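Each chain gets a letter, A, B and so on, in the order the sequences are listed, and its residues count up from 1. Because the structure is a prediction, the values reported are computed rather than measured.
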Protein chains: 2
Amino acid sequence: MEKLREALRERGSRLTPQRLAIYEHLRDTKSHPSAETIYGELKARYPSLSLNTVYQTLQVLDEIGLAQKLPVESREARYDGNATGHAHLICLECERIWDIDGEALPAVSEIDRQAEKKGFKVVRNQVQVYGVCPDCQAKGR
Amino acid sequence: MEKLREALRERGSRLTPQRLAIYEHLRDTKSHPSAETIYGELKARYPSLSLNTVYQTLQVLDEIGLAQKLPVESREARYDGNATGHAHLICLECERIWDIDGEALPAVSEIDRQAEKKGFKVVRNQVQVYGVCPDCQAKGR
DNA sequence: TATCTAATTAGTTGTTATTCCTATTACTGC
DNA sequence: GCAGTAATAGGAATAACAACTAATTAGATA
């Protein structure tokens, strides 16, 4: 929470209950929710919350590096409370998303390095692997 | 062109002048255009072309593996006539997109391998590196 | 090459994620 | 606590894209 307050202050922004709630929700879930989903999940506790605020807050969190917007193939963007560079595994059937960390990280860094070799100043990367998760495979296509 | 004809036939679809034009345009450009851009660029030669046809054709090309839809951060999807697995370099300022091939490919494959180790059946991947291109870096800031 | 039939086109309309607008509310620094 | 200013809520607007439809056209067959 102090991390959030500090990052917001640096940007000249205020810490509001809505922002805190969205930040904590994102931080505590592994589900990479969409804006709409976050809205739905927080609405019970914060009845006055508006979807617009969710969008704005997610954008702010993305800007200050405390969240990451994932532009995936489905229409809705999904959000990740872990903004460090890592890859995502996306199930084409159930649309769930998982992080791939550990051994995949060096490969992600290697791609950045190739980009830099071409004279690019790298800001961030997005690595998505689309496929079918074990659950959906078991469910028999 | 025969490749396109063949792939369309297999799907039970026909080769039309519009489809051919869109296919060739995509194949011959390195610019990863949006549907709207393709429409604008072909409109002069095919005045009767409709934007809807462009969308439909791009979807067909994507399905038969002769093009690739890139869900990028900007609102419009961009299309690539090279549907083989490779990474993209995207300039956050001018929005141009380049392919990264060659040495980055093993790293992309390595990430797929990690996904498979988790029990995923990998279908395709998307690797995007966002940053600032040399031109835009030179242009100051 | 004429015919039959299913696919395609182009135009219109629909859908929906996201953004814009603005009056009201509520943080923050004093 | 008060003033100043940023954030919120909520409704309306936007825009990319998808669905629908009537008319056209291409492809296979003979």
**OP:** Sort out for me which residue in Asn82(A), Thr37(A), Asp99(A) forms a side-chain hydrogen bond (donor to acceptor under 3.5 Å, both in side chains) with His32(A).
**Re:** Asp99(A)

**OP:** Measure from OH on Tyr55(B) to C1' on dT15(C) and round the result to the nearest Å.
**Re:** 14 Å

**OP:** Can you figure out which of dG29(C), dC21(C), dT28(C) approaches the side chain of Arg9(A) most closely?
**Re:** dG29(C)

Original post:
Base, sugar-phosphate alone, or nothing: which one does Pro47(A) contact when heavy atoms must sit under 4.0 Å apart?
Top reply: nothing

Original post:
Between Glu6(B) and Lys3(B), is the closest basic N to carboxylate O distance under 4.0 Å?
Top reply: no

Subject >> Closest-nucleotide 5' rank along DNA chain C - winner of Arg19(B) and Asn52(B) >> reply: Arg19(B)

Original post:
First contact, last contact: which nucleotides of DNA chain D are these for chain A, 5' to 3', heavy-atom distance under 4.0 Å?
Top reply: dG4(D) to dA18(D)

Subject >> Results of salt bridge (charged side-chain N to carboxylate O under 4.0 Å, His left out) for Arg14(B) - residues two or more places apart only >> reply: none

Subject >> Common cluster, Tyr46(A)/Leu15(A), ILVMFWY with side-chain heavy-atom separation under 4.5 Å >> reply: yes

Original post:
Can you find a pair of side-chain heavy atoms, one from Glu110(B) and one from Glu110(A), that are under 4.5 Å apart?
Top reply: no

Original post:
Is Gln68(A) close to Arg124(A) at the side-chain level, that is, under 4.5 Å between some pair of heavy atoms?
Top reply: no

**OP:** Would you mind reporting whether Val72(A) and Tyr130(A) have side-chain heavy atoms less than 4.5 Å apart?
**Re:** yes

**OP:** Enumerate the residues from residues 61-82 of chain A whose closest heavy atom to DNA chain D is under 4.0 Å, giving them by residue number; use none for an empty result.
**Re:** Arg75(A)

Subject >> Member of Leu58(A), Thr57(A), Asp80(A) meeting the side chain to side chain contact (heavy atoms under 4.5 Å, CB included) criterion with Leu26(A) >> reply: Leu58(A)

Subject >> Rounded interatomic separation in angstrom, taking CG from Leu58(A) and C1' from dT18(C) >> reply: 12 Å

Original post:
Leu8(A) CG to dT28(C) C1': how many Å, rounded?
Top reply: 13 Å

**OP:** Pick base, sugar-phosphate or nothing for Leu51(B), based on heavy-atom distances below 4.0 Å to the nucleic acid.
**Re:** nothing

Original post:
How would you label the contact of Gln56(B) with the nucleic acid (heavy atoms, under 4.0 Å): base, sugar-phosphate, or nothing?
Top reply: base

**OP:** Just call it for Ser34(B): base, sugar-phosphate, or nothing, with non-hydrogen atoms closer than 4.0 Å on any strand.
**Re:** nothing

Original post:
Which is it for Phe120(A) and Val129(B) under the side-chain contact (heavy atoms from CB on, under 4.5 Å) test, yes or no, and what are the steps along the way?
Top reply: CA-CA 9 Å; Phe120(A) 247 71; Val129(B) 180; 5.5 Å; no

